[in-house]
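One-based numbering, in listed order, for ligands and for the atoms of each. Every value quoted in this text rests on a predicted model; they were computed, and no experiment measured them.
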Amino acid sequence: MILPIYLYGQPVLRKECAEVAKDYPELKQLIADMFETLTQADGCGLAAPQIGKSLRLFVVDGTELAEDYPECASFKKAFINPEILEESEDDIVYSEGCLSLPGISENVIRPVKVKIHYFDEDFQEHEEWLDGFSSRIFQHEYDHIEGNVFTDRISPIRRQFVKTKLMNIAKGKTTARYKCKRNA
Ligand code: NI
């Protein structure tokens, strides 16, 4: 089932999310719905607050980017209760966008690599390093479950520049090409 994507201005996007319990009802169905929603919106990551659920859960699909970013070739999975254990000292700039902030893309500086811990959709535990664009997608989604969005991380000058666009999204004046929930 395709779910509406919550746009900037919806309070759930600003909440720190709660841990997902092992017996969370119909978790597999929720994850399947999130993948379906992500695919039809043509995105590479979708966090639970973006579909209105304040849960520490996100799905990623970087497979379409594999040509430019080979590290994303098999980067299609769900992350449950993820944690960032370590970050590399070196940073890198990438241009980011977000399904909850249609029409905005800005350069964001973040650590190149992150060491992460998470549970997959079978609640199996994993610990690994992510590098390159898979690391970037993870960090962007991780921000969402902490109640942050990528424009919180751009330079003050750029933030000034996107202020009107953000305000328009929050006021419901911006539409998206996918089903979304916005203020009217
Ligand atoms: Ni996003």
(request) At a cut-off of 2.8 Å, list the protein N/O/S atoms near the Ni ion (ligand 1), residue plus atom name. (result) C98 SG, H140 NE2, H144 NE2
(request) Using the test side chain to side chain donor-acceptor pair (under 3.5 Å), find all partners of T175 that sit at least two apart in sequence or belong to another chain. (result) none
(request) For the residue pair F75 and L130, establish whether any side-chain heavy-atom pair is separated by less than 4.5 Å. (result) yes
(request) Ignoring hydrogens and angles, tell me if any N or O in the side chain of R56 forms a donor-acceptor pair with the backbone of A18 under 3.5 Å. (result) no
(message) Does anything in residues 175-184 form a salt bridge (Lys or Arg N to Asp or Glu O under 4.0 Å)? List the pairs, not counting sequence neighbours.
(response) none
(request) Please report the shortest heavy-atom distance between I145 and P82, naming the atom on each side. (result) CD1-CG, 3.7 Å
(request) List in chain and number order the residues that pass side chain to side chain donor-acceptor pair (under 3.5 Å) with K28, two or more places apart in sequence or in another chain; answer none if no residue qualifies. (result) D122
